[in-house]
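These notes concern the structure reproduced below.
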Amino acid sequence: MNAQTRRTARTARAARAARTTVGAGLGALLAGVTVLAPPATAATPTAAERAASEPVAPCVTHWQSWRYTQVTNDCATSLDVKVVYEDGAEGLCHPAQPGTTTTIGEGYTGRHGHVAYVATC
């Protein structure tokens, strides 16, 4: 083995040793890290929340396509309404003026699926 080959072999061994040392240090560092749990979220509405989401009057009708949920307000007064989905999720409140049709939620291909009912806010 000539001098150049020995020098190359020594450099390769030194590089391997450095990688091993760095890898071991990084492994020890990662082993000491505490994993934090994601914040807790409300899975299902409480009884008080369910009571606050009463179905809207029968003069308000809804229909749901694959893309949108719409309501028609045939009542004499304007109402604030929201969608309550079958999985328990509730949409945002939207004003519905008398005699108008308004888009108030996502369709059945959205995150929450089909509408259970439309509620007053």
Side-chain angles (χ1 to χ4, degrees):
M1 198 186 290
N2 65 20
Q4 180 64 31
T5 305
R6 284 192 300 270
R7 199 173 351 197
T8 302
R10 240 180 314 181
T11 304
R13 280 193 304 271
R16 248 189 329 270
R19 281 194 306 267
T20 302
T21 303
V22 169
L26 184 58
L29 178 65
L30 290 175
V33 172
T34 302
V35 177
L36 299 176
T41 58
T44 57
T46 64
E49 291 170 337
R50 272 187 246 116
S53 300
E54 294 294 321
V56 73
C59 56
V60 176
T61 56
H62 78 277
W63 64 273
Q64 185 179 32
S65 70
W66 68 273
R67 192 166 181 188
Y68 299 114
T69 299
Q70 295 185 318
V71 296
T72 299
N73 182 1
D74 288 327
C75 300
T77 61
S78 63
L79 298 168
D80 289 331
V81 295
K82 64 182 172 183
V83 176
V84 178
Y85 296 95
E86 287 180 346
D87 69 352
E90 296 182 0
L92 301 174
C93 288
H94 295 275
Q97 301 302 323
T100 61
T101 299
T102 307
T103 301
I104 63 167
E106 55 190 34
Y108 53 79
T109 59
R111 293 180 302 239
H112 304 293
H114 290 276
V115 172
Y117 59 93
V118 175
T120 56
C121 297

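All figures in this text were calculated on a predicted structure; none of them were measured in a lab. The figures that follow rest on heavy atoms only: side chains count, while hydrogens, waters and symmetry mates do not. Throughout, numbering of the chain's residues begins at 1 and tracks the sequence.
With values rounded to the nearest 0.5 angstrom, Y117 atom OH is found 8.0 Å from K82 atom NZ. Here the OG1-NE2 distance, from T103 to H94, works out to 9.0 Å after rounding to the nearest 0.5 Å.
A pairwise comparison of heavy atoms in D80 and P95 identifies OD1-CA, 3.4 Å as the closest pair. Smallest separation of non-hydrogen atoms from A119 and V84: CB-CG2, 3.9 Å. The two residues W63 and Q70 make their nearest non-hydrogen contact at CZ2-OE1, 2.6 Å. Contact detail for N73 and L79: the closest heavy-atom pair is ND2-N, 3.9 Å. Residues P98 and C75 approach most closely at CB-O, 3.4 Å, considering heavy atoms. Closest approach of A96 to V71, counting heavy atoms only: CB-CG2, 4.4 Å.
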Please table the atom pairs, donor to acceptor, closer than 3.5 Å between any side-chain atom in residues 108-115 and protein atoms at least two apart or in another chain.
from, atom 1, to, atom 2, distance (Å)
T109, OG1, W66, O, 2.6
H112, ND1, D87, OD2, 2.9

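Remark: the backbone N or O of I104 is not paired with any side-chain donor or acceptor of T102 at under 3.5 angstrom.
A search for side chain to side chain donor-acceptor pair (under 3.5 Å) contacts involving T101 returns T72, not counting sequence neighbours.
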